[in-house]
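Just so it is clear, the structure is predicted and the values come from calculations on it, not from any experiment.
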Amino acid sequence: MNNMRTLFLKEQMEQWRSLKWVWLPVVFAILGMMQPLMMYYLPQIMGAVGSGGSEQGEAIADLMGGVNAQQVMAGTLSSQFDQLGIIILIVAWMGAIISEKNNGMLAFILTRPVKAWEYILAKWCSQALLAFISLGLGYFAAYYYVFLLYGEIEMTSILAGFGVYFVWLLSIISIVLFLGIVFRSVAVVAIIGAGGVIILELVSGISGWGQMFNPAYLSANATSIIMTGDMKGYFVGNLFISLVYIVILLALSISLLTKKSFHIGSSHE
């Protein structure tokens with residue numbers, strides 16, 4: 001455990017040096033504030049820039065319909081975090097292992113008395129902590145403005161939605177770290193990771209029991225909890241299988257690292 005703690009602190013230092021602890025929370029805070037502010041002021045903005053003045057703004061507001069606090073908060077997840085937010089996170093995570101493979105640091109670490117599981121779990125916990133803080137800051141910034149502009153949402157729904165959505169992010173972390181073990185190019189990891197996540201999110205709109213096996217369905221459940229206070233069908237199975245996916249991906253990553261079945265850079269192959 002001492003090795004894992006040391007590796008975890010090393011990861012935290014790297015994230016501070018690369019300013020991830022600065023720009024990633026700030027970006028998510030901005031994304032969180034954008035949705036409620038945009039939804040609230042869009043009719044006035046459109047009316048101000050259009051020729052119809054306030055009448056045009058009122059017409060736009062009528063077309064948008066009367067949105068409530070739950071709809072705006074759920075829209076923050078689906079429109080901001082689930083699209084641009086996840087892509088930004090993948091970009092932040094994609095080099096976590098590859099950079100150390102290609103510069104020989106990973107080969108050096110594995111010559112020390114460090115076990116593969118300590119290395120992988122330190123990486124995973126470090127990325128998970130960064131994701132938790134960044135998502136939390138953006139999520140509750142969104143809730144703050146929703147509360148000010150639209151009204152209150154039951155806190156149990158807010159917290160439950162956050163927890164379910166965070167499990168979806170943990171799944172993505174596990175996928176990206178596994179891809180980082182298998183491939184040596186950050187571009188390949190970014191394309192496969194982002195492309196796979198987009199596909200999973202697209203098919204998550206399909207109904208049926210098959211969604212139990214789709215971790216992106218957790219995002220749909222998070223928005224449902226915020227909107228209605230209840231989960232979609234097959235939620236328990238979906239949550240359990242998503243957690244199993246995380247364990248399997250971590251186990252595969254540890255196995256590949258233990259067997260050294262990965263590329264460690266041209267000077268070490």
Participant: Have Asp82 and Trp168 got a donor and an acceptor in their side chains that come within less than 3.5 Å?
Facilitator: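 A pair is found: one side chain offers a donor N or O, the other an acceptor, under 3.5 Å apart.
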
Participant: Using modelled atom types only, decide if a donor and an acceptor are shared between the side chain of Lys20 and the backbone of Ala92 within a distance under 3.5 Å.
Facilitator: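 Pair found, side chain donor or acceptor close to backbone of Ala92.
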
Participant: For atom NZ of Lys115, decide whether the heavy atoms of other residues, nucleotides or ligands shown that lie under 6.0 angstrom number more than 12.
Facilitator: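 For Lys115, atom NZ is not crowded (no more than 12 foreign heavy atoms under 6.0 Å).
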
Participant: Tell me, which pairs form a side chain to side chain donor-acceptor pair (under 3.5 Å) where one or both residues lie in residues 242-253, sequence neighbours left out?
Facilitator: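 Pairs touching residues 242-253 that pass the test: none.
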
Participant: Between Thr6 (side chain) and Asn2 (backbone), is there a donor-acceptor pair under 3.5 Å?
Facilitator: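 Yes, because the side chain of Thr6 sits within donor-acceptor range (under 3.5 Å) of the backbone of Asn2.
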
Participant: Do Leu239 and Met231 belong to the same hydrophobic cluster, where Ile, Leu, Val, Met, Phe, Trp and Tyr are linked whenever their side-chain heavy atoms lie under 4.5 Å apart, directly or via other members?
Facilitator: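 Looking at the clustering, Met231 is in the same group as Leu239.
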
Participant: Looking at every heavy atom in both Ala116 and Thr258, which two are closest together, and how far apart are they?
Facilitator: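 Closest pair (atom of Ala116, atom of Thr258, distance): CB-OG1, 3.3 Å.
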
Participant: For Glu100 and Ile109, which heavy atoms make the closest approach, and how far apart are they?
Facilitator: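 Of all heavy-atom pairs spanning Glu100 and Ile109, the closest is OE1-CD1, 4.0 Å.
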
Participant: Which donor-acceptor pairs under 3.5 Å do side chains of residues 21-39 form with protein atoms, sequence neighbours excluded?
Facilitator:
residue : atom : partner : partner atom : Å
Trp21   : NE1  : Gln12   : OE1          : 3.0
Trp21   : NE1  : Gln15   : OE1          : 3.2
Gln35   : OE1  : Gln80   : NE2          : 3.0

Participant: Listing request: all ring pair (Phe, Tyr, Trp, His ring centres under 6.0 Å) pairs with a residue in residues 116-136, at least two apart in sequence or in separate chains.
Facilitator: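 Checked against ring pair (Phe, Tyr, Trp, His ring centres under 6.0 Å) - neighbours excluded - the pairs reaching residues 116-136 are Phe132-Phe162, Phe132-Phe166.
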
Participant: Determine whether a donor-acceptor pair (N or O, by modelled atom type, separation under 3.5 Å) exists between the side chain of Asn238 and the backbone of Tyr234.
Facilitator: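 A pair under 3.5 Å: no.
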
Participant: With hydrophobic residues grouped by side-chain heavy-atom distances under 4.5 Å, do Tyr165 and Ile88 end up in a single group?
Facilitator: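 Linked within one cluster.
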
Participant: Show which residues join Ile206 in its hydrophobic cluster (side-chain heavy-atom contacts under 4.5 Å, direct or indirect), or state none.
Facilitator: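 For the cluster that includes Ile206, the remaining residues are Val203.
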
Participant: May I ask you to check whether over 12 heavy atoms, not counting those of Met13, lie within 6.0 Å of atom CE?
Facilitator: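 No, the 6.0 Å shell around CE holds no more than 12 heavy atoms from other groups.
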
Participant: Please determine whether residues Leu177 and Val91 belong to a single hydrophobic cluster, defined as Ile, Leu, Val, Met, Phe, Trp and Tyr linked transitively by side-chain heavy-atom distances below 4.5 Å.
Facilitator: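 Per the 4.5 Å side-chain linkage, Leu177 and Val91 are co-clustered.
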
Participant: Do Leu149 and Met155 sit in one hydrophobic cluster, given that two such residues count as connected whenever their side-chain heavy atoms are within less than 4.5 Å of each other, even indirectly?
Facilitator: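 Linked, Leu149 and Met155 end up in one cluster.
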
Participant: Among pairs that include at least one residue of residues 138-154, which meet side chain to side chain donor-acceptor pair (under 3.5 Å), considering only residues two or more places apart or in two chains?
Facilitator: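 Every pair satisfying side chain to side chain donor-acceptor pair (under 3.5 Å) with a residue in residues 138-154: Glu154-Thr156.
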
Participant: Does Ile198 sit in a hydrophobic cluster with other residues, and if so which ones, taking ILVMFWY side chains as linked at heavy-atom separations under 4.5 Å, directly or through other members?
Facilitator: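 Leu202, all in the cluster of Ile198.
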
Participant: Would you say Ile181 and Ile97 make side-chain contact, with heavy atoms under 4.5 Å?
Facilitator: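 Side chain of Ile181 against side chain of Ile97, heavy atoms only: contact under 4.5 Å found.
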
Participant: Should Ile173 and Ile254 be regarded as members of a common hydrophobic cluster, given that ILVMFWY residues are connected when their side-chain heavy atoms come within less than 4.5 Å of each other, either directly or indirectly?
Facilitator: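 Both belong to a single hydrophobic cluster.
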
